[in-house]
Amino acid sequence: MGNSALKAHIETAQKTGVFQLTEKGLPEFPEDLQRLVGNLRTINLSNNKIEVLPPWMGKFNVLKSLSLNHNRLTRLPEELCKLKKLETLHLSGNQISQLPADFGQLSALKTLNLSGNQLRAIPSQLCTLRHLDVVDLSKNKIQAIPDEVLGVQAIEINLNQNQISQISVQISHCPRLKVLRLEENCLELSMLPQSILSDSQISLLAVEGNLFEIKKLRDLEGYEKYMERFTATRKKFV
């Protein structure tokens, strides 16, 4: 991509607060964006070949939305955690195996997409994100849902297409969790805590494609209570 084209995009972004440059084969985060750290609210650099994010990423002090889907990122810089206004972070289809230690400082974050990465566990940093609504961890290599999940504030957690065979009963006590997606994992029916059905806020439990017949779910204690929540939620949307 030529310098003049990039310059034109940057001039537009200066006026609009939005910088979007997708599918251009960019090998790195554009250096010239440093000039716009004070006025960019949205950056979309998805479908490029970016391997590393620069430390000055942390200077985008009004940035609300960052999309870097389908790049070649293996890690995120600690400086990313300084983005106090960031509400939406899309990082699907990269090679990220862990999050920075201070990731929980992204205090405004509402939507996090880490689908299709190399995560082997649910990041504990998610527990300090008080405004998190939706977290997508599908298509990773996660094997268990640990007790710490109790601290996750999300309304929806997507864990489809992982390798989960164990679930902590604490998932039932997530204070805001309404939608739990666990399709295509390695779950035996006996490993599904019955309290998810009988004693949680969850009104949509998606468990197709595991190691049991879906109709066997109906035999579990608490299934009727779950169906009451499921039906009540559906009625709201009709």
Side-chain angles (χ1 to χ4, degrees), residues 76 80-81 84 86-89 91-92 96-115 117-212 217 220-230 232-233:
L76 303 172
L80 185 79
C81 307
K84 299 295 184 210
L86 194 67
E87 295 179 3
T88 304
L89 180 56
L91 294 163
S92 69
I96 297 162
S97 57
Q98 58 186 46
L99 299 182
D102 291 336
F103 193 82
Q105 290 183 11
L106 292 171
S107 51
L109 200 63
K110 293 179 180 175
T111 302
L112 174 62
N113 185 349
L114 282 161
S115 176
N117 278 281
Q118 299 290 320
L119 298 171
R120 294 187 174 274
I122 295 175
S124 59
Q125 295 93 320
L126 301 186
C127 297
T128 42
L129 297 170
R130 290 283 159 245
H131 298 286
L132 195 62
D133 288 333
V134 178
V135 56
D136 188 345
L137 300 171
S138 61
K139 300 179 184 174
N140 277 279
K141 297 179 176 178
I142 298 166
Q143 296 178 5
I145 299 178
D147 290 347
E148 291 78 21
V149 74
L150 172 63
V152 178
Q153 298 287 321
I155 296 168
E156 174 171 343
I157 301 176
N158 186 343
L159 287 158
N160 290 347
Q161 291 177 278
N162 276 280
Q163 299 162 10
I164 295 168
S165 59
Q166 292 185 306
I167 304 179
S168 165
V169 69
Q170 296 297 336
I171 191 92
S172 313
H173 306 306
C174 288
R176 299 170 70 220
L177 187 60
K178 298 277 195 295
V179 177
L180 178 59
R181 301 187 187 279
L182 288 163
E183 294 180 350
E184 294 180 49
N185 276 281
C186 306
L187 282 171
E188 301 276 2
L189 190 60
S190 58
M191 287 290 133
L192 198 66
Q194 291 192 3
S195 54
I196 289 179
L197 299 172
S198 61
D199 191 27
S200 79
Q201 304 281 323
I202 295 166
S203 56
L204 177 61
L205 175 66
V207 287
E208 287 81 0
N210 280 282
L211 305 179
F212 58 88
L217 202 59
L220 292 185
E221 199 176 323
Y223 183 76
E224 284 179 14
K225 272 191 172 178
Y226 162 70
M227 282 310 294
E228 282 171 19
R229 295 193 302 273
F230 177 86
T233 305

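Note that the coordinates shown come from a computational prediction; the quantities given were computed from them, not determined experimentally.
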Sole residue of Ile157, Val149, Leu137 in side chain to side chain contact (heavy atoms under 4.5 Å, CB included) with Leu126: Leu137
So, the side chain of Asn158 versus the backbone of Asn160: is there a donor-acceptor pair under 3.5 Å, distance only? yes
Does a side-chain heavy-atom distance below 4.5 Å link Val135 with Ile122? no
Please report the closest heavy-atom contact between Ser203 and Arg229, naming both atoms and the distance. CB-O, 3.7 Å
Are there more than 12 heavy atoms of other residues, nucleotides or ligands under 6.0 Å from atom NZ of Lys84? yes
Arg130 side chain to Ser107 main-chain N or O, any donor-acceptor pair under 3.5 Å? no
Would you compute the distance between atom CG of Asn113 and atom OG1 of Thr88 and round it to the nearest 0.5 angstrom? 10.5 Å
Write down the atom of Leu112, the atom of Leu114, and the distance for their closest heavy-atom approach. CD2-CD1, 3.8 Å
Starting from the C-alpha separation in whole Å, work towards a yes-or-no answer on side chain to side chain contact (heavy atoms under 4.5 Å, CB included) for Thr128 and Phe103. CA-CA 9 Å; Thr128 42; Phe103 193 82; over 6 Å; no
Gln105 and Cys81 have their tightest heavy-atom pair at CB-O, 3.8 Å
Contacts of type side-chain hydrogen bond (donor to acceptor under 3.5 Å, both in side chains), residue Asp133, not counting sequence neighbours: Arg176
What residues, two or more places apart in sequence or in another chain, satisfy side-chain hydrogen bond (donor to acceptor under 3.5 Å, both in side chains) together with Gln170? none
Is it the case that Ser138 and Asp136 place a side-chain donor and acceptor less than 3.5 Å from each other? yes
Are any of the side-chain heavy atoms of Ser200 and Leu177 separated by less than 4.5 Å? no
Ignoring hydrogens and angles, tell me if any N or O in the side chain of Asn140 forms a donor-acceptor pair with the backbone of Asn117 under 3.5 Å. yes
Show me the side-chain donor-acceptor pairs of residues 178-187 shorter than 3.5 Å, one per line, residues at least two apart or across chains.
| unit_1 | atom_1 | unit_2 | atom_2 | d |
| --- | --- | --- | --- | --- |
| Arg181 | NE | Glu156 | OE2 | 2.9 |
| Asn185 | OD1 | Asn162 | N | 3.1 |
| Asn185 | OD1 | Gln163 | N | 3.3 |
| Asn185 | OD1 | Ile164 | N | 3.0 |
| Asn185 | ND2 | Leu159 | O | 3.0 |
| Asn185 | ND2 | Leu182 | O | 3.1 |
| Asn185 | ND2 | Glu183 | O | 3.2 |

Does Lys141 reach the side chain of Gln118, with side-chain heavy atoms less than 4.5 Å apart? yes
Can you tell if the side chain of Asp199 reaches within under 4.5 Å of the side chain of His173, non-hydrogen atoms only? yes
Can you list the steps and then say if Leu189 with Leu217 is a side chain to side chain contact (heavy atoms under 4.5 Å, CB included)? CA-CA 8 Å; Leu189 190 60; Leu217 202 59; 4.1 Å; yes
Is there a side-chain contact between Gln153 and Pro175 (heavy atoms, below 4.5 Å)? yes
Leu192 versus Asn210: any side-chain heavy-atom pair under 4.5 Å? no
Could you check whether any side-chain heavy atom of Tyr226 comes within less than 4.5 Å of a side-chain heavy atom of Ile196, counting everything from C-beta outward? no
